[in-house]
Amino acid sequence: VTTDWDLIVVGAGPAGSAAAIAALTERPGARVLLLDRAPLGRDKVCGDGIAPHTVAALEALGVRAVEPPEVVPTVRLSAPGGGSSSAATGDPGYVVPRAQFDERLARAAIERGAVFEERRVASVAQDAEGVSVDGRDRAPALIAADGANSVVRRAIGQGHNSKRALAVAVRGYAPTPAGMPRELEIRWDSRRSGGLCYAWSFPTAEGTSNVGYGMSSAALTNGRAELEQRMRLLLAEFDFDGVALSGHTLPLSIDRPKPAVGRVLLTGDAASLINPLTGEGIYSAVASGIMAGRAAATDAAGAGARYGRELAAAFGRQHRQLKLVYPLVDSRAVLDAVIRACNADRGTFDRLLDVGLGESAFRMRDMATLAKFLARRGLAVN
Ligand SMILES: Cc1cc2nc3c(=O)[nH]c(=O)nc-3n(C[C@H](O)[C@H](O)[C@H](O)COP(=O)(O)OP(=O)(O)OC[C@H]3O[C@@H](n4cnc5c(N)ncnc54)[C@H](O)[C@@H]3O)c2cc1C
């Protein structure tokens with residue numbers, strides 16, 4: 001027996017829940033099935049940093065997914081050469097353990113009318129009229145939001161990212177050292193790894209900090225031990241005794257699958273939308289989920305084409321640009337120059353965060369500023 005739905009969403013992380021909420025906002029009363037292999041409230045290996053862009057996108061849908069004590073209004077970037085730059089962001093960021101953040105979003109989707117079912121999806125098949133899941137459920141469109149190791153992505157014939165376009169990271173919760181300022185801190189590493197390479201400490205509302213270290217998979221030679229060793233080195237003031245660390249991969253946006261094949265739309269990590277400069281993936285998950293949910297609820301047959309156009313309009317310029325810029329984040333000289341530029345010009349700091357956390361791209365003027373500070377490096381004091 002097959003159950004018919006208006007829309008099936010696989011995965012109840014930020015991308016999937018946002019897709020269900022957007023679909024039900026567009027078409028109240030639609031029959032939306034939201035499937036996840038884990039129960040509500042599952043943990044997710046993440047830095048837990050929620051960008052202001054994410055908060056705004058969810059608020060536009062009438063969903064408040066953060067609480068006042070979780071606010072962290074300042075961002076600090078620390079360069080390998082020792083320089084650092086910090087500033088309060090225009091709208092603040094938040095740190096919300098993903099077990100809570102994702103549950104809040106999934107519950108908002110259920111409140112809007114989505115039917116949640118705990119189930120691991122094994123097979124997806126589509127024909128000209130619709131998509132079937134495990135031979136049990138069927139809908140005119142399906143949204144894949146099943147994360148970095150997406151089963152749906154494989155089922156529609158799209159391969160996974162190359163090692164160069166994957167990052168890998170570990171994280172745990174350590175007590176926040178006394179007197180440490182309440183900041184979202186990123187400490188770039190000095191070693192060359194062909195791309196993303198930094199430690200972070202993001203304070204939760206409960207006296208702990210989410211601490212971790214991430215780098216390009218292609219450069220990892222000694223597995224988890226290497227990540228943990230660099231993390232301890234860069235976050236020397238933290239006490240890691242008894243801190244349980246877990247790891248996961250990040251599919252970076254420098255290598256992406258087609259956003260849609262037929263009536264299946266890929267969103268979030270399943271679509272490799274993680275920002276390669278920062279590892280931010282929650283905003284792009286929510287933003288892509290919203291676009292896909294709206295498109296699927298409006299016209300299932302045309303949803304893939306519309307979603308592809310809207311995703312390209314929002315992120316296309318950033319995706320093309322960061323693919324070119326990505327190798328530069330491997331250069332210590334560039335990272336040091338970025339910090340000097342941020343300290344000299346608040347506009348540069350704001351622009352960097354907007355590109356790193358949202359859907360903006362750099363302008364020519366930003367590149368010229370960076371070139372100026374790179375050229376001046378011989379004269380710099382720090
Ligand atoms: C260590 C680390 C730190 C990070 N830090 C940050 C950060 O601070 N800020 C930030 O913005 N981003 C961060 N990211 C990236 C962020 O975690 C992801 O980009 C984000 O979770 C993507 O959301 P999603 O909804 O696409 O996928 P996910 O959140 O992974 O959700 C996918 C869901 O699909 C379910 N699922 C999977 N397979 C199946 C199946 N076969 N059947 C049914 N359900 C299935 C899973 O149970 C899961 O609930 C970090 C990533 C890592 C690894």
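We use all heavy atoms of the structure for the numbers below, so side chains are in, but hydrogens, waters and symmetry mates are not.
- Put simply, the side chain of Arg332 never gets that close to the backbone of Arg191: no donor and acceptor are under 3.5 Å apart.
- Side chain of Arg187 to backbone of Ala199: no donor-acceptor contact under 3.5 angstrom is found.
- Residues Arg351 and Asp354 are not paired through a salt bridge, judged by the lack of any N-O separation under 4.0 Å between the basic side chain and the carboxylate.
- You'll find the side chain of Val115 stays beyond 4.5 Å of the side chain of Arg31, heavy atoms only.
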Practice prompt. Kindly indicate, with the supporting measurements, whether the criterion side-chain contact (heavy atoms from CB on, under 4.5 Å) is fulfilled by Asp269 and Ile274.
Written response: CA-CA 7 Å; Asp269 281 10; Ile274 293 185; 3.2 Å; yes
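- In this structure, the side chains of Thr74 and Thr89 stay at 4.5 Å or more apart for every pair of heavy atoms.
- Although no hydrogens or angles enter the test, the distance criterion places no donor-acceptor pair under 3.5 Å between the side chain of Asp6 and the main chain of Ala30.
- Atom CG in Leu24 sits 8.0 Å away from atom CG in Leu7 (nearest 0.5 Å).
- Around CZ of Arg224, the count of heavy atoms belonging to other residues, nucleotides or ligands within 6.0 Å exceeds 12.
- A salt bridge links Arg104 with Glu70; the closest basic N to acidic carboxylate O contact falls under 4.0 Å.
- The two atoms that bring Pro69 and Ala205 nearest to each other are O-CB, 3.4 Å, heavy atoms only.
- Residue pairs meeting the side-chain hydrogen bond (donor to acceptor under 3.5 Å, both in side chains) criterion with at least one partner in residues 281-295, sequence neighbours excluded, are Tyr283-Glu359.
- Phe240 has its side chain within reach of Leu235: a pair of non-hydrogen atoms, C-beta onward, lies under 4.5 Å apart.
- The heavy-atom pair separating Ala297 from Glu26 by the smallest distance is CB-CB, 4.1 Å.
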Worksheet entry | side-chain contact (heavy atoms from CB on, under 4.5 Å) between Ser216 and Tyr326, worked out | CA-CA 11 Å; Ser216 164; Tyr326 184 58; 4.1 Å; yes
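- Put simply, the side chain of Thr3 does not reach to within 4.5 Å of the side chain of Arg136, judged on heavy atoms.
- One N or O on the side chain of Asn161 and one on the backbone of Ala165 form a donor-acceptor pair closer than 3.5 Å.
- Here the straight-line distance linking atom OG of Ser253 with atom CD of Gln318 works out to 6.0 Å at 0.5 Å rounding.
- Within the 3.5 Å criterion, the main-chain N or O of Val71 finds a donor-acceptor partner in the side chain of Arg182.
- Across all their heavy atoms, Ala141 and Ala296 have their closest contact at CB-CB, 4.2 Å.
- In this structure, the separation between CZ on Arg306 and CG on Leu311 is 12.5 Å, given to the nearest 0.5 Å.
- With salt bridges taken as basic N to acidic carboxylate O contacts below 4.0 Å, none links Asp43 and Arg98.
- Screening residues 199-210 for side-chain hydrogen bond (donor to acceptor under 3.5 Å, both in side chains), with sequence neighbours left out, gives Asp48-Asn210, Thr176-Ser209, Trp200-Asn210, Thr204-Thr208.
- At distances below 3.5 Å, at least one donor-acceptor pair connects side-chain atoms of Gln321 with backbone N or O atoms of Phe362.
- Counting only residues at least two apart or in different chains, ring-ring contact (aromatic ring centres under 6.0 Å, His included) contacts with residues 86-118 are absent.
- Leu250 is not connected to Val286 by any chain of hydrophobic side-chain contacts under 4.5 Å among Ile, Leu, Val, Met, Phe, Trp and Tyr, and they are in different clusters.
- Every residue meeting the ring pair (Phe, Tyr, Trp, His ring centres under 6.0 Å) condition with Phe315, not counting sequence neighbours, appears here in chain and number order: His319.
- Atom CG of Asp345 sits about 10.0 Å away from atom OG of Ser85, to the nearest 0.5 Å.
- When all heavy atoms are compared, the tightest approach of Met231 to Tyr213 is CB-CB, 3.6 Å.
- A donor atom on one side chain and an acceptor atom on the other are not found under 3.5 Å apart for Thr2 and Arg138.
- Note: the hydrophobic cluster containing Val170 also contains Phe238 (ILVMFWY, side chain heavy atoms under 4.5 Å, direct or indirect links).
- Under the 4.5 Å side-chain heavy-atom criterion for grouping Ile, Leu, Val, Met, Phe, Trp and Tyr, Val63 is connected to Val66 within one hydrophobic cluster.
- Hydrophobic clustering (side-chain heavy atoms under 4.5 Å, transitive across Ile, Leu, Val, Met, Phe, Trp, Tyr) keeps Ile282 apart from Leu196.
- A salt bridge does not link Arg230 with Glu226: none of the charged nitrogens is closer than 4.0 Å to a carboxylate oxygen.
- The shortest distance between side-chain heavy atoms of Val95 and Ile50 does not fall below 4.5 Å.
- Between Val121 and the choices Leu35, Asp137, Leu142, the side chain to side chain contact (heavy atoms under 4.5 Å, CB included) rule is met once, by Leu35.
- Residues meeting the salt bridge (Lys or Arg N to Asp or Glu O under 4.0 Å) test with Arg37, sequence neighbours left out: none.
- Residues Leu220 and Leu245 are members of one and the same hydrophobic cluster, defined by side-chain heavy-atom contacts under 4.5 angstrom among Ile, Leu, Val, Met, Phe, Trp and Tyr.
- Using a distance-only test at 3.5 Å, with no hydrogens or angles considered, no donor-acceptor pair links the side chain of Asp36 to the main chain of Val10.
- Across every non-hydrogen atom of Arg76 and Ser86, the tightest pair is NH2-OG, 3.4 Å.
- Counting only heavy atoms from C-beta outward, the side chains of Ile339 and Asn343 approach each other to under 4.5 Å.
- Atom OG of Ser217 is separated from atom CG of Leu252 by 8.0 Å, given to the nearest 0.5 angstrom.
- Judged purely by distance below 3.5 Å, without hydrogens or angles, the side chains of Arg256 and Ser272 never pair a donor atom with an acceptor atom.
- Atom CG of Leu370 and atom CZ of Arg365 lie 14.5 Å apart (nearest 0.5 Å).
- Salt-bridge formation is detected for the pair Asp350/Arg346: a Lys NZ or Arg NE/NH1/NH2 atom is positioned less than 4.0 Å from an Asp or Glu carboxylate oxygen.
- Tyr307 has its side chain out of reach of Ile143: every pair of non-hydrogen atoms, C-beta onward, lies at least 4.5 Å apart.
- With Thr249 contributing its side chain and Val168 its backbone, the two residues share no donor-acceptor pair below 3.5 Å.
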Discussion item. side-chain contact (heavy atoms from CB on, under 4.5 Å) for Ser78 and Glu185? Distances and angles first, verdict last.
Written reply: CA-CA 8 Å; Ser78 299; Glu185 183 168 10; 2.8 Å; yes
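- When all heavy atoms are compared, the tightest approach of Thr267 to Ala15 is OG1-CB, 3.5 Å.
- Looking only at distances, a side-chain donor or acceptor of Tyr198 sits under 3.5 Å from a matching main-chain atom of Thr278.
- Side-chain atoms of Gln126 never come within 3.5 Å of backbone atoms of Ser132 as a donor-acceptor pair (strictly under, hydrogens ignored).
- In Lys323, the NZ atom is not crowded: 12 or fewer heavy atoms of neighbouring residues, nucleotides or ligands sit closer than 6.0 Å.
- The existence of a salt bridge linking Arg171 and Glu228 is excluded, since no basic side-chain nitrogen approaches an acidic carboxylate oxygen closer than 4.0 Å.
- The closest side-chain heavy-atom distance from Val338 to Cys342 is below 4.5 Å.
- Using a 4.0 Å cut-off between charged side-chain N and carboxylate O, Asp102 and Arg42 make a salt bridge.
- Remark: Val151 engages Asp146, Arg154 in a side chain to side chain contact (heavy atoms under 4.5 Å, CB included) (not counting sequence neighbours).
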